[in-house]
Amino acid sequence: MRTPIIAGNWKMNKTIPEAIELANSLKREFLDIQGVEVVICPPFTALSEVFEILNSSNIKLGAQNMSCQEEGAFTGEVSAKMLRDAGCQFVILGHSERRQYFFETDNLINNKIKAALKNNLTPIVCVGETLDERENEKTFDVIQTQISGVLKDIKAVDLEKIIFAYEPVWAIGTGKNATSAQAEEVHKFIRSFLKKCYNEETANAVRIQYGGSVKPENFSELISQEDIDGALVGGASLQMEAFVKIVKQCLAS
Ligand code: PGA
């Protein structure tokens with residue numbers, strides 16, 4: 001059985017006091033939550049403060065990005081070691097906004113995954129097709145290329161430590177989510193591709209989140225699908241009530 005995992009991607013939102021307020025409310029809500037893993041990913045500036053709050057809870061901390069470099073003259077970058085130091089256990093890598101606005105490639109994401117694993121951070125690795133690619137029936141090709149690229153030279157023992165997030169680009173922040181059938185089709189494809197590249201046992205253990213306009217109104221159907229193991233939530237993770245409802249739907253499924 002794969003434990004469902006819900007991660008809140010706060011993106012470039014929340015000042016430190018705002019982040020503290022939301023983290024405190026979530027901590028109260030999830031005081032004794034079990035059977036679902038909850039991760040929140042505030043902006044870099046609020047990580048340490050939020051960690052202080054989460055320290056005595058079972059909500060875990062993640063970052064939204066990091067450098068593939070260990071340390072040194074890389075102005076503006078944040079390393080895996082620094083994220084560990086700030087209390088992170090997770091890091092989102094290869095989000096489509098990073099790919100689109102900051103030109104991140106599968107090769108760069110592959111290097112970031114290796115750096116994260118080396119430093120005991122669990123990478124949440126995002127893949128997904130654009131609307132144009134879906135309409136031209138290239139979804140599976142795109143996903144396969146992204147997965148093979150980001151997993152280059154990664155062994156089966158390490159694959160187990162990676163979480164994938166299938167996030168169709170056309171569904172992110174648009175209010176238009178993939179239907180549960182569309183999402184399940186791609187999740188199944190990812191798992192079978194991992195079986196082919198690695199082995200059945202490892203592929204069956206890997207958790208694959210869905211992301212893209214997840215909200216309480218659409219999530220129960222998504223999480224009831226066999227290969228959907230949770231969600232990477234953007235907009236709705238900024239609203240305490242919506243995020244709580246999404247997490248609780250995992251327990252009901
Ligand atoms: P959204 O974002 O839930 O606001 O669509 C998801 C994401 O970008 O991870």
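For this chain, numbers begin at 1 and follow the sequence in order.
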Side-chain donor-acceptor contact under 3.5 Å, [X] with [Y]:
X: Glu129; Y: Tyr166; value: yes
X: Lys14; Y: Thr45; value: no
X: Gln100; Y: His95; value: no

(message) Assess the residue pair Val247 and Val244 against the criterion (side chain to side chain contact (heavy atoms under 4.5 Å, CB included)); give the C-alpha distance rounded to whole Å, side-chain angles, the decisive distance to 0.1 Å, and a yes or no.
(response) CA-CA 5 Å; Val247 169; Val244 169; 5.8 Å; no
Within a strict 4.5 Å, meaning less than it, do heavy atoms of the [X] and [Y] side chains meet?
X: Gln64; Y: Pro43; value: yes
X: Lys138; Y: Arg134; value: no
X: Leu151; Y: Tyr198; value: yes
X: Glu71; Y: Ser79; value: no
X: Ile20; Y: Ile53; value: yes
X: Ser56; Y: Lys27; value: yes

(request) Before giving the answer on side chain to side chain donor-acceptor pair (under 3.5 Å), spell out for Asn110 and Lys114 the whole-Å C-alpha distance, their side-chain angles and the decisive distance to 0.1 Å. (result) CA-CA 6 Å; Asn110 174 247; Lys114 289 174 184 160; 2.9 Å; yes
NZ/NE/NH1/NH2 to OD/OE distance under 4.0 Å, [X] and [Y]:
X: Lys248; Y: Glu29; result: yes
X: Lys81; Y: Glu70; result: no
X: Glu241; Y: Lys245; result: no
X: Asp158; Y: Lys118; result: no

(request) Begin with the C-alpha distance, continue with both residues' side-chain angles, and end with the deciding distance and a verdict on side chain to side chain contact (heavy atoms under 4.5 Å, CB included) for Val36 and Phe30. (result) CA-CA 10 Å; Val36 51; Phe30 297 139; over 6 Å; no
(message) To the closest 0.5 Å, what do you measure between CD (Glu21) and CD1 (Ile16)?
(response)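 The CD1 atom of Ile16 is 14.5 Å from CD of Glu21, to the nearest 0.5 Å.
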(message) Between Lys60 and Thr122, is the side chain to side chain donor-acceptor pair (under 3.5 Å) condition met? List the steps.
(response) CA-CA 11 Å; Lys60 292 169 183 157; Thr122 300; over 6 Å; no
(request) Test side chain to side chain contact (heavy atoms under 4.5 Å, CB included) on Thr179 and Gln182 and set out the steps. (result) CA-CA 5 Å; Thr179 63; Gln182 282 173 323; 3.2 Å; yes
(request) Evaluate the side chain to side chain donor-acceptor pair (under 3.5 Å) criterion for residues Ser224 and Glu221: first the C-alpha distance (whole Å), next the side-chain angles of each, then the deciding distance (0.1 Å), finally the verdict. (result) CA-CA 5 Å; Ser224 68; Glu221 213 186 306; over 6 Å; no
(request) From the options Arg99, Lys112, Arg98, select the one residue that forms a salt bridge (charged side-chain N to carboxylate O under 4.0 Å, His left out) with Asp106. (result)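 In the set Arg99, Lys112, Arg98, the residue that makes a salt bridge (charged side-chain N to carboxylate O under 4.0 Å, His left out) with Asp106 is Arg99.
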(message) Please give the remaining members of the hydrophobic cluster of Ile5, linking ILVMFWY side chains under 4.5 Å, ordered by chain and number.
(response)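 ILVMFWY cluster around Ile5 also holds Val39, Phe90, Ile92, Ile124, Ile163, Leu232.
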